[in-house]
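First the proteins, then the strands, lettered A, B, ... as listed; each starts at 1. These numbers come from the heavy atoms of this one structure, side chains and all, not from hydrogens, waters or symmetry mates. Note that the structure is a prediction, hence the values are computed from the model and not measured.
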Amino acid sequence: MTIRIASMVAVSVACVCVAPFIGESLDGDEARFILVSLRIPRVVLAILVGGTLGLVGACYQTVLANPLATPSTVGTTGGATLGALIAIMSGASSPVSGVPLTTLAAFAGALFVTMIITSIASTGRARTADILLAGIAISLALAAASTGFQFFSDNRDLAAGVRWSLGDLSQIDYDELFILLPFLVPTALILLYQTRALEALVTGEQRAHSQGVDVGYVRSLTLGIGALGVGACVALCGPIAFVGLIVPHLVRLSMGASRRILLPMSFVFGAAFLALCDAVARVSAPHSELPVGVVTAAIGAPALTWLVVRSSRAVN
Amino acid sequence: MTDALELSSVTVRAGSSVLLDEVSLRLDRGQFIALVGPNGAGKSLLIRTALGLLRPVSGEVTLAGRPVRALSGRQRAARLAWLPQEALPEDPLRSVEVVTAARFRFDEPLAESRRAAGVALAAVKAEKLSERLVSTLSGGERQRVALAATLTQEAPLLLLDEPANHLDPVQQMAMYQLIGSLWQEGHGVLCVTHDVNLLGHLAAGDALEQCQVVGLAAGKIRFRTSLRAAELPDRLSQLFGVRFIELRADEHSYFVVRKAPRLQ
């Protein structure tokens, strides 16, 4: 197991180190500018966002006791998307003290939806399936509202909205990275600090209660803090599909379900996965770029399917 | 100061139906209480109420003299541990990881939790299963690992819900012998079961005098008696609504259901 963890960390670090050098060859005067001002912040962003999405996905799957639970299925992403679309469509783009209005609106949307879900979850008596169903219902309603906004918007706003909703890591500079840090660092630390409680929750909520875990508190803290991190990510990069779903499953199926391994490794692997996907997105379309969400889905979905089929064969 | 778990006139309701009706019960260190009764009598519900998972509409559940719902999770877990009926999950978890997770109440480094988990697994003779995935274990092995998780909490009072469910006769006997030794070590045990005959495996004949049998039906306590009391077969007959008879072999009593006369 130690060897597996070590090799996975090594591969992840290698991916991240190679990522900035993927793309058109770096020659000439502009090389330094491209590398330092364009590609490195982009890779750092991918590490932060991918790691956060992977970690939050693993935590959500644990507290909601469901392999399909992700920030997307409980409405966090949907709330952020609707918020951002409203800001884009209404044409209000003047920044508030340096932060673009789109970002603020997305963040507010994510937090608003999570407050609803967290208030359902915090009683400790709501069943996890009910919380997830409520989240899915809210997500669908938000998606319908987003579609409605797009229907009534003009072509230019529509294009901007669609472009945003596909996820994009390319528009980033160092200032924006520094905006992200105060959200993502506490998110990761607080979630990792919950490892013991989350490990106990894996064996069942009522069992965890009897072992001394305050289930309602752990649930609402995890959902709330997770939304803070994911809200910040979505606000800056748009919704990036699949990372929060696929990464924890890849780690679980290859290294076991113990949260002591699953949580940190979901961060590490999520970071490497998104950095690599973004590099692929950068070079896959000539004179242009693919949205990174397309690449994460194209690589992640077959990989997950293959792993699930393989592991179900091993058990039977 | 006492460690006892005490239910005083506890009533639990769901809507208009009464699930527990004025139930009073006291469990202290060194006591063994077998809770028997038909399906749906409220046995598991009584345990979940004792753990503070359900809120009674009237009456009080206290643990070590304080209302159980006023205790912090860790304070409660230090005094009261539970072996639920629900099976362990199918997630790819190793036995030692499941048992280690149950050490949540201790503020200690991971290595210490691992060591204690190893001790608990050895206590239930499951040390060889330590590195195995729980999903690959047999029913009997899985139940032993679950019991190790309960024990590693190091609580003086144990609530065991059908500990021999789904086990073959040999495993059932081994499980009850193990529970008997926990009782002899001084644990207070509340054990839910359908089968009073399994209680005979707990200890040698005379010690069974101290084993209390409490009958629960439709949320009400119907009787309290000793496992060795002469009235037990009649009490069981009333409780389950079928005729129990006592058979004796090797100076030990066995209670079986008499075949009903065939209706013409």
Peer 1: How many angstroms lie between CZ in A/Arg196 and CG in B/Asp107, if you round to the nearest 0.5 Å?
Peer 2: 7.0 Å
Peer 1: More than 12 heavy atoms of other residues, nucleotides or ligands under 6.0 Å from CZ of B/Arg13: yes or no?
Peer 2: no
Peer 1: Kindly check if the number of other-residue, nucleotide or ligand heavy atoms within 6.0 Å of NE2 (B/His194) is above 12?
Peer 2: yes
Peer 1: May I have the list of side-chain donor-acceptor pairs in residues 80-89 of chain B shorter than 3.5 Å, sequence neighbours left out?
Peer 2:
unit_1, atom_1, unit_2, atom_2, d
B/Gln85, OE1, B/Asn165, ND2, 3.4
B/Gln85, NE2, B/Ser44, OG, 3.4
B/Gln85, NE2, B/Asp161, OD1, 3.3

Peer 1: Looking only at non-hydrogen atoms, find the nearest pair between B/Ala77 and A/Ser210 and report the distance.
Peer 2: CB-O, 3.6 Å
Peer 1: Determine yes or no for a side-chain-to-main-chain donor-acceptor pair under 3.5 angstrom, with A/His209 supplying the side chain and B/Leu51 the backbone.
Peer 2: yes
Peer 1: So for A/Ala208, is it side chain, backbone, both, or neither that comes closer than 4.5 Å to the heavy atoms of chain B?
Peer 2: neither
Peer 1: Taking atom CG as the centre, does A/Leu189 end up with more than 12 heavy-atom neighbours from other residues, nucleotides or ligands that are less than 6.0 angstrom away?
Peer 2: yes
Peer 1: Which one, B/Thr136, B/Val98, B/Leu159, B/Leu110, leads in non-hydrogen pairs under 4.5 Å with chain A?
Peer 2: B/Leu110
Peer 1: When only heavy atoms count and the cut-off is under 4.5 Å, which of residues 249-263 of chain A reach chain B?
Peer 2: A/Arg252, A/Gly256, A/Ala257, A/Ser258, A/Arg260
Peer 1: How long is the gap from CG on A/Asp214 to CZ on B/Phe104, to the nearest 0.5 Å?
Peer 2: 8.5 Å
Peer 1: Can you tell which part of B/Arg76 gets under 4.5 Å to a heavy atom of chain A, answering side chain, backbone, both or neither?
Peer 2: side chain
Peer 1: Taking C-beta and beyond as the side chain, do A/Gln211 and B/Gln153 meet within less than 4.5 Å on heavy atoms?
Peer 2: yes
Peer 1: Need one label for B/Arg48: side chain, backbone, both or neither, based on atoms under 4.5 Å from any heavy atom in chain A.
Peer 2: side chain
Peer 1: Name the region of B/Ser113, side chain, backbone, both or neither, that has any atom closer than 4.5 Å to a heavy atom of chain A.
Peer 2: side chain
